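Everything quoted here is computed from the prediction, not taken from an experiment.
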Amino acid sequence: MSHDRHIERARTALAIVIVAAVTVAVHAIDSDRSSVILGGIRNSAHLPLFVFLTLLIHKITSANSLKTVATVACISLLAEGSQYVSGGEPDVLDLLSDAAGLAIALSAWRLWFASRRRLALGFVLLGFAPMAFWCWTWKVRANQMPCIADFDNPFLSAIQRPLNAEIIEANPNEVQLALQPNRYAGIRLIDPVADWSGFSQIEIMVSTTPETPITIRIHDSAHNNEHADRYNEQIAGTGAKLVIPLERIRQAPAARPLNLTQISEVTFFAVDPAQGTTLKLATPCLL
């Protein structure tokens, strides 16, 4: 009997080590953090991962809640700490997300064995909600092409950010902003559909009241935050349609061509606009 108990403990320990190793390995991968949406998917994956990790550990430890909490907490700290080695950045919010996954899983377990199984499944599905949001955002963004914005879509609000400005009115084809009298004021389209290689031009229409010059700034994911490493062009905010060849954008950086398969930000801004200036931007589209 004692021999069987030792074998069972060894199997339990081996199972926990394997689960912990897989979890740490997933965390240690230094993913591309230049994408807002990919970062959102990655960060929101903590919740469902730790829901299932907790359920698995709880099963392995014969539903011992104390052992489960201690084991999952250790794995969470180890996994987050592994990012110091891989070049990532440990985050307290990730630890809180892991803790939320732990709480959801233990609640679901108790509800399941209390014969409240629909509620238990609902708790498990709750763990997928943030990741589902970001995955749907990915799909919405991909469906925009050949246009690179949809100004009134709530899923894209995280990647269409006013810059020292307030949105007055928005629809899929146009946004109107009240600009603050700040050094830079306008709108940033962060993480647009990155691959522009299948197109030759971009169509832009901007109007301002009173008429104010607007700068267009475009850069790729390798951007070094220097002025010479991106495309910059100032245009008059008259409402005239402007068609810019993508080859001109590609050749803009002084030291290297812009990578048209990894566009990471498009920004429209005025420099020191007057009080009460409004900016109207039609959805930029690739041709």
- prompt: Between L106 and H58, does a side chain to side chain contact (heavy atoms under 4.5 Å, CB included) hold up when you go through it step by step?
  reply: CA-CA 8 Å; L106 290 181; H58 206 47; 3.8 Å; yes

- request: With sequence neighbours excluded, give me every salt bridge (Lys or Arg N to Asp or Glu O under 4.0 Å) pair touching residues 128-144.
  value: R141-D191

- prompt: To the nearest 0.5 Å, how far apart are CZ in R230 and CD1 in I249?
  reply: 14.0 Å

- prompt: Quick one: does M205's side chain get under 4.5 Å of L242's, heavy atoms only?
  reply: no

query: Is it true that a side-chain atom of T283 and a backbone atom of P172 form a donor plus acceptor pair closer than 3.5 Å?
result: yes

message: Atom CD of residue position E166 - does it have more than 12 heavy atoms of other residues, nucleotides or ligands inside 6.0 Å?
response: no

Spacing of NZ belonging to K59 relative to OG1 belonging to T68, to within rounding of 0.5 Å: 12.0 Å

query: Is it true that a side-chain atom of S76 and a backbone atom of C74 form a donor plus acceptor pair closer than 3.5 Å?
result: no

task: Kindly give the heavy-atom pair with the smallest separation between Q201 and L246, and that separation in Å.
output: N-CG, 3.6 Å

message: Just verifying a value: how many Å separate I235 CD1 and I204 CD1, rounded to the nearest 0.5 Å?
response: 6.5 Å

field: Taking every non-hydrogen atom, the tightest pair across N224 and E226
entry: OD1-N, 3.0 Å

Distance-only polar pair, side chains of S264 and H223, donor-acceptor under 3.5 Å: no

query: What is the distance from atom CG of L93 to atom CG of N43, rounded to the nearest 0.5 Å?
result: 8.5 Å

- prompt: Looking at side-chain heavy atoms only, is the closest gap between W196 and I202 below 4.5 Å?
  reply: yes

query: So, the side chain of D220 versus the backbone of N259: is there a donor-acceptor pair under 3.5 Å, distance only?
result: yes

Worked verdict on E233 versus R217 for salt bridge (charged side-chain N to carboxylate O under 4.0 Å, His left out): CA-CA 7 Å; E233 181 168 342; R217 186 179 77 197; over 6 Å; no

task: Hey, could you give me the CZ/CG distance between F151 and L156, rounded to the nearest 0.5 Å?
output: 10.5 Å

- request: Look at the side chain of T208 and the backbone N and O of T278, then say whether any donor-acceptor pair between them is shorter than 3.5 Å.
  value: no

message: If you count every heavy atom of other residues, nucleotides or ligands that lies below 6.0 Å from R116 atom CZ, does the total exceed 12?
response: no

- request: Answer whether the closest heavy-atom distance between the side chains of I216 and I244 falls below 4.5 Å.
  value: yes

query: Distance from I167 atom CD1 to L279 atom CG, nearest 0.5 Å?
result: 11.5 Å

query: Can you name the nearest heavy-atom pair linking Q234 to P213, along with the distance?
result: CD-CB, 3.7 Å

- prompt: Under 3.5 Å, is there a donor-acceptor pair linking the side chains of E265 and T267?
  reply: yes

message: Parallel, tilted or perpendicular: which one describes the rings of F113 and W109, with boundaries at 30° and 60°?
response: tilted

- prompt: Where the side chain of T137 meets the backbone of F155, is there a donor-acceptor pair that is under 3.5 Å apart?
  reply: yes

task: Taking the side chain as every heavy atom from C-beta outward, state whether L38 and W134 have any atom pair closer than 4.5 Å.
output: no

T261 and S197: side chain donor to acceptor below 3.5 Å: no

field: Any side-chain heavy-atom pair of S44 and F133 under 4.5 Å
entry: no

Over all atoms of both residues, closest heavy-atom pair of A108 and F123: CB-CB, 4.0 Å

query: Should we count CZ of R110 as having more than 12 external heavy atoms under 6.0 Å?
result: no

query: Going by heavy atoms in the side chains, are W112 and L121 under 4.5 Å from each other?
result: yes

query: Side chain of Q160, backbone of D150: donor and acceptor closer than 3.5 Å?
result: yes

task: Using a strict 4.0 Å threshold on nitrogen-to-oxygen distance, state whether R256 and D229 make a salt bridge.
output: yes

- prompt: With a 4.5 Å heavy-atom cut-off, do I159 and L189 have their side chains touching?
  reply: no

statement: Minimal heavy-atom distance between F269 and V271, with the atoms involved, is CE1-CG2, 3.8 Å

message: For a quick test of reading the model, state the closest non-hydrogen atom pair linking P162 to L177 and the distance between them.
response: CB-CD2, 4.0 Å

message: For A185, give me all partners under side-chain contact (heavy atoms from CB on, under 4.5 Å), at least two apart in sequence or on another chain.
response: N164, L179, P273

message: Measuring only between side-chain heavy atoms, which start at C-beta, is V175 closer than 4.5 Å to K280?
response: no

field: Test side chain to side chain donor-acceptor pair (under 3.5 Å) applied to N171 - qualifying residues, sequence neighbours left out
entry: none

